[in-house]
2 protein chains.
Amino acid sequence: MIKILLAEDDVNLGILLTDYLNAKGYSVSHHTDGKKAIDAFSEASFDLCLLDIMLPEIDGISLAKKIRAKREDIPVIFLTAKSQEDDKIEGFRVGADDYITKPFSMEELIYRIEAILRRTRNHPLEDSEEYKLGIFTFQPLSQVLRSDNKSHKLTTKESELLHLLCKNRNEILERNYALKTIWVDDNYFNARSMDVYITKLRKYLKEDPSITILNVHGKGYKLLCD
Amino acid sequence: MIKILLAEDDVNLGILLTDYLNAKGYSVSHHTDGKKAIDAFSEASFDLCLLDIMLPEIDGISLAKKIRAKREDIPVIFLTAKSQEDDKIEGFRVGADDYITKPFSMEELIYRIEAILRRTRNHPLEDSEEYKLGIFTFQPLSQVLRSDNKSHKLTTKESELLHLLCKNRNEILERNYALKTIWVDDNYFNARSMDVYITKLRKYLKEDPSITILNVHGKGYKLLCD
DNA sequence: AGAGCTTTTTAACCTTATTTAACTTTGGCG
DNA sequence: CGCCAAAGTTAAATAAGGTTAAAAAGCTCT
């Protein structure tokens with residue numbers, strides 16, 4: 001289930017969007033001011049944020065900055081009125097992924113959401129990604145898992161699997177998805193191979209007991225951290 | 001600085017695109033009709049053109065033809081509405097490098113722009129390239145790898161392989177691709193020959209430990225730098 | 001043409017990565 | 001409880017890659 005954080009102070013529009021996105025199969029968490037939105041962001045994991053620029057308490061741009069500070073990789077789409085066009089440059093500077101000007105059609109919004117999700121799911125190799133997992137930092141590009149003491153050079157498969165787990169940290173990484181992504185084909189043997197790699201990763205990560213790879217029986221794995 | 005010529009008559013979309021591309025570090029010259037666009041093209045040098053199909057004065061297709069007549073090598077991406085999909089065939093016939101259908105996400109656009117720039121930079125007429133790799137500079141044309149201390153004259157194969165790695169630095173250079181490009185045929189023996197050259201290059205590059213040639217098991221090699 | 005050189009390929013042997021297999025443990029469910 | 005399927009673990013077998021040296025193929029120059 002794809003989770004969307006919506007920050008929109010116009011209650012009518014907010015409800016309309018929530019209903020529409022729900023109908024399209026997205027889970028929406030709707031907040032009417034910036035403060036509530038950032039609190040919600042801190043407490044749950046989202047796949048995408050829709051932020052109005054004009055918001056009470058904390059405006060959309062500041063909100064986006066805070067979100068970016070926490071998670072580099074969650075896409076942000078701004079909702080803006082025509083009269084606020086000047087905000088666009090500022091919005092893009094803080095790392096907006098897209099912009100949509102009110103009034104917009106639901107169809108257009110859904111299209112942009114899907115385009116972004118497609119891209120971030122398929123093309124996630126943002127060059128300088130780095131994940132912080134307790135005492136570890138993991139760089140998928142160089143396939144290195146570093147802790148205060150040691151630095152571990154991961155093999156390709158180890159790194160690919162850990163990368164997927166990180167991208168889905170604190171939520172479930174489905175077996176099928178991982179198998180199709182990393183092993184291309186999801187047959188019995190590849191599944192067993194994946195199990196072996198889970199064991200290897202657990203061995204590396206057991207240095208920090210706050211990090212665990214949890215099995216979700218019949219579904220997949222969850223990387224628990226923070 | 002990469003310079004983009006944008007021909008788009010929808011002022012809102014034009015401003016949006018300009019802002020976004022500026023934020024991404026591109027310089028954009030935005031024109032709202034075909035005539036102004038071709039004039040601008042004649043007066044300055046651009047690295048890439050984004051052309052709306054429907055334009056006042058001179059339409060996008062004719063514009064592309066004129067651009068192609070002047071410069072064979074400048075990539076062109078067409079922006080088009082869904083209803084204009086038939087123009088695609090015509091567009092590709094005049095030599096479009098890519099096509100993007102409105103409404104599109106900014107993410108998608110940037111991805112296509114970067115993909116094309118990467119591609120056209122890989123097939124460059126400009127042989128005066130120079131790559132900086134940590135303490136090294138590498139000139140493919142003269143086949144020289146220079147560090148502060150030494151200057152290494154590379155053999156042809158060494159240089160070709162390092163060149164391909166450089167063109168794909170920080171992303172994967174696929175074995176097959178490298179073999180077909182440098183060795184023409186990708187059989188077992190050529191693959192082993194390539195391995196030997198990887199060893200040679202690693203030997204040269206080990207003077208700077210921040211530069212590494214990483215093997216991606218079963219897929220190829222990644223040159224890591226910066 | 002062939003001596004003396006460089007470059008490239010082939011070969012042999014070694015190391016590491018990944019898969020397969022066998023056996024053990026755990027979780028869900030009648 | 002007891003069964004079965006799913007997952008955990010470990011070790012082995014296989015495949016891919018690393019390294020080195022020698023053989024073969026190309027040059028160059030007389």
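Just so we're on the same page: letters track the sequence lines, and every chain starts at 1. Values below: every heavy atom of this structure, side chains too, minus hydrogens, waters and symmetry copies.
- In this structure, A:Y221 reaches the sugar-phosphate backbone alone: every heavy-atom distance under 4.0 Å involves primed, P, OP1 or OP2 atoms, never a base.
- When the P atom of D:dA6 is taken as reference, atom CG of A:L179 falls 13 Å away, rounded to whole Å.
- Between the CG atom of B:L201 and the C1' atom of C:dT7 there is a distance of 14 Å, rounded to whole Å.
- Of the candidate nucleotides D:dG18, C:dT9, D:dT20, C:dT9 has the atom nearest to the side chain of B:K157.
- Atom pair A:E158:CD and C:dA17:P shows a separation of 7 Å (rounding to whole Å applied).
- Between B:E130 and B:K132 there is a salt bridge, with a side-chain nitrogen of the basic residue lying less than 4.0 Å from a carboxylate oxygen of the acidic one.
- In this structure, a donor-acceptor pair under 3.5 Å is absent between the side chains of A:N168 and A:E174.
- One finds no side-chain N or O of A:T199 lying less than 4.0 angstrom from the OP1 or OP2 phosphate oxygen of D:dG8.
- Between A:S193 and A:H217, it is A:S193 whose nearest contact on DNA chain C lies nearer the 5' terminus.
- The NZ atom of B:K200 sits 12 Å away from the P atom of D:dT20 (whole-angstrom rounding).
- Comparing A:V216 and A:K203, the nucleotide of DNA chain D nearest to each residue sits closer to the 5' end for A:V216.
- Distance CG (B:D195) to C1' (D:dT20): 13 Å, rounded to an integer number of Å.
- A salt bridge links A:R175 with A:D195: at least one charged nitrogen is closer than 4.0 Å to a carboxylate oxygen.
- A:K35 has no carboxylate O lying under 4.0 Å from a charged side-chain N of A:D33, or vice versa, which leaves the two without a salt bridge.
- Contacts of B:R192 with the nucleic acid, taken as non-hydrogen atoms under 4.0 Å apart, include base atoms.
- Note: CG (B:L205) to C1' (D:dG18) measures 16 Å, nearest angstrom.
- The side chain of A:V196 lies closest to D:dT10 when the candidates are D:dT10, C:dT8, C:dA17.
- Between the NZ atom of B:K219 and the C1' atom of C:dT16 there is a distance of 16 Å, rounded to whole Å.
- In this structure, A:K36 does not pair ionically with A:D39, as no charged nitrogen and carboxylate oxygen lie closer than 4.0 Å.
- Summary of the strand contacts: B:G218 and A:G220 both lie near DNA chain D, and taking for each the nucleotide with the nearest heavy atom, the more 5' one is attributed to A:G220.
- Between A:T155 and C:dT18 there is a side-chain polar atom (N or O) within less than 4.0 angstrom of OP1 or OP2.
- A close approach under 4.0 Å does not occur between any side-chain nitrogen or oxygen of B:W183 and OP1 or OP2 of C:dT8.
- With D:dG8, C:dT7, D:dG17 as the choices, the nucleotide that has an atom nearest any side-chain atom of B:R175 turns out to be D:dG17.
- B:Y188 has its OH atom 10 Å from the C1' atom of D:dG17, to the nearest Å.
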